[in-house]
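We're numbering straight along the sequence, starting at 1. Just follow the structure's listing: the first ligand is 1, and inside any ligand the first atom is 1.
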Amino acid sequence: MLPAFFDSVVDLITRTSTDLPPDVRAAMDLALKTEAPATRAGQAITIIAQNIDQASSCEGPICQDTGMPTFEVKVPVGANQIWMRQQIREAVAEATRRGKLRPNSVDSITGENSGNNLGPGTPIIHFDQWENSEIEIKLILKGGGCENTNAQYSLPTELDHLGRADRSLAGVRKCILHAVWKAQGKGCSPGAVGVCIGGDRTSGYTHAKEQLFRTLDDRNPDERLAALEDTIMEEANKLAVGPMGFSGRTSLIGCKVGAQNRLPASFFVSVAYDCWAFRRLGVRIDATSGDITSWLYREGTTASTPLLSPEAVAAGFPRTGREISLSAPISDEQIRSLKVGDVVLISGRMFTGRDAVHAHLMKHEPPVDLTGGVLYHCGPVVKKEGDSWRVTAAGPTTSIREEPYQAEILERYGVRVVIGKGGMGARTLAGLQASGAVYLNAIGGAAQFYARCIERVEGVSLMEFGTPEAMWHLQVRDFPAIVTMDAHGSSLHKVVEEASGKILETLA
Ligand code: SF4
């Protein structure tokens, strides 16, 4: 059996998780040149660019959410797919052991993490046969934040700001624009959308995700769909959702549309939204040795061109001199002096907490004193080194999932700062006002950048929830984030959503 196959798949996973392909880098380079450097959007894109370069140079995960591994495998007739599936599964477990993938496979009923990314339905592996002597494996790692912003429409339908969407390409156009607007920064914009017109509810989503295997710069062979893709790219980037939903010129870096036949009674439009951390690669493999013969999406070269100079990466967060430094415990007075748009640098102690921690705190006292403290919505990648721990990737997770809990946790335990991404809702906004707290938006996916702001791990609680869900006690220095919801009832997320909604109306 192909002796090098296992190592080739581990290499593919490692490279996919740590090094963006040239077409995505080119799109992010354009975004970097498009956004004005001294704006929120410009600062966000600069951090993202630093993060992309840091990840490839240290071979660390670009984002701490290494997503649902989805493999598309083409094999010569007669190849042993049972053996290959097993090898791919073992390679996924090995990449997880090496810290290239975060343990992300959770029992849907008990919430227990399998710890190795294996479990029913995880990873996703699709096989196809082809008339070729080589094996081809393509891999996409798509995280939960952007997966949660996927959307499916059944036409005809009524859409906010856009009115009726009919069973036509004009109706499809409205659905795609609506999906980009609705996602705002929750899926870590600027994103890319894969779209399927037609199919049924399941095949539509599958085909939409398959579109994400196309390169961002290809040309759709169907001229009608190519024209639609061009229109969407132009119009979506007028919406001013911008990087991380901070407003700005770049909301979308790609739109790829496919079509499947449908039943006469159904007309679905399925949209698969991927974030800027668009991790997609592939390899061709010799079917006798298992060696990689070539990399896909890399145009014959395996080297990546950095987005920034080494000096620009080393310079760290691009400061304007207006940043405000804070360290816990933080007073009510300090919090109430902050306004939406302020850039804050946090130093000192910070605790992570996401879904399991929030649910736990509704029924139990916290394992640490949270008074005046900083709660970070983050599921880090953490490595055990002897008796201590080291965080290797630590970007923010999507905060809106904690909306049912957040206001009560602020009130009960005196948390002053919540950090996450994508913003939160009306209940949390009222809770921030009542309890004297702020919500800071960190740059989604900037896992390497933020890992470098963590000086050390001081401890961990609730480890029974698994690595990403545990409460990590972190000592940080100059951790940058932007006040997007303050203690005076203002929310940047609401402002951008309403402003982009008005622009959407002009595109109806
Ligand atoms: S960049 Fe954002 S949406 Fe993408 S995987 Fe990371 S956290 Fe999730």
Side-chain angles (χ1 to χ4, degrees), residues 13 16-21 24-25 27-28 31 44-45 47-56 60-70 100-106 117 123 139-151 179-180 182-194 209 212 241-246 250-254 271-281 352 354-355 376-381 391-402 419-424 440-451 468-469 481 484 493:
I13 299 168
T16 309
S17 174
T18 61
D19 192 3
L20 288 182
V24 180
R25 282 174 176 268
M28 294 308 291
I45 283 286
I47 289 178
I48 289 170
Q50 288 175 341
N51 184 77
I52 291 168
D53 286 348
Q54 286 164 338
S56 52
I62 295 161
C63 175
Q64 77 290 337
D65 184 355
T66 54
M68 172 67 84
T70 303
K100 307 304 178 189
L101 296 178
R102 184 179 72 179
N104 254 358
S105 177
V106 169
N117 273 309
L139 169 63
I140 197 163
L141 300 172
K142 186 171 182 296
C146 55
E147 187 68 15
N148 291 350
T149 57
N150 287 358
V180 175
K182 191 86 185 152
Q184 293 287 310
K186 296 182 188 72
C188 291
S189 51
V193 287
K209 195 169 179 181
L212 297 173
V241 169
M244 299 315 299
F246 289 168
T250 319
S251 303
L252 202 63
I253 56 171
V271 182
Y273 187 103
D274 210 341
C275 50
W276 65 260
F278 189 160
R279 291 151 292 177
R280 174 244 298 127
L281 270 183
T352 67
R354 38 183 274 164
D355 309 63
Y376 183 23
H377 295 165
C378 171
V381 180
V391 174
T392 60
T397 192
T398 308
S399 299
I400 196 69
R401 299 196 308 272
E402 317 314 339
I419 307 177
K421 72 161 171 95
M424 301 190 74
L440 307 183
N441 204 118
I443 308 306
Q448 291 303 319
F449 177 90
Y450 284 117
E469 295 283 346
T484 54
H493 308 284

Calculate, to the nearest 0.5 Å, the distance between atoms [atom1] and [atom2] belonging to [X] and [Y] respectively.
{"X": "I443", "Y": "F449", "atom1": "CD1", "atom2": "CZ", "answer": "8.5 Å"}
{"X": "N51", "Y": "L20", "atom1": "CG", "atom2": "CG", "answer": "9.0 Å"}
{"X": "K142", "Y": "N150", "atom1": "NZ", "atom2": "CG", "answer": "4.0 Å"}

(message) Yes or no: does K421 have any heavy atom under 4.0 Å from an atom of ligand 1?
(response) yes
(request) Assess R279 for proximity to ligand 1: is some non-hydrogen atom of it under 4.0 Å away? (result) yes
(request) Using salt bridge (charged side-chain N to carboxylate O under 4.0 Å, His left out) as the criterion, list what pairs up with K421, not counting sequence neighbours. (result) none
(message) For a quick test of reading the model, state the closest non-hydrogen atom pair linking C63 to R279 and the distance between them.
(response) CB-NH1, 3.7 Å
(request) State whether E402 and R354 are salt-bridged, where the test is any N-O pair (Lys NZ or Arg NE/NH1/NH2 against Asp/Glu carboxylate O) under 4.0 Å. (result) no
(request) Run the salt-bridge test on R25 and D53 with the 4.0 Å N-O cut-off and return the result as yes or no. (result) yes
(request) Using a cut-off of 2.8 Å, find all protein N, O or S atoms closer to atom 4 (Fe) of ligand 1 than that distance. (result) C275 SG
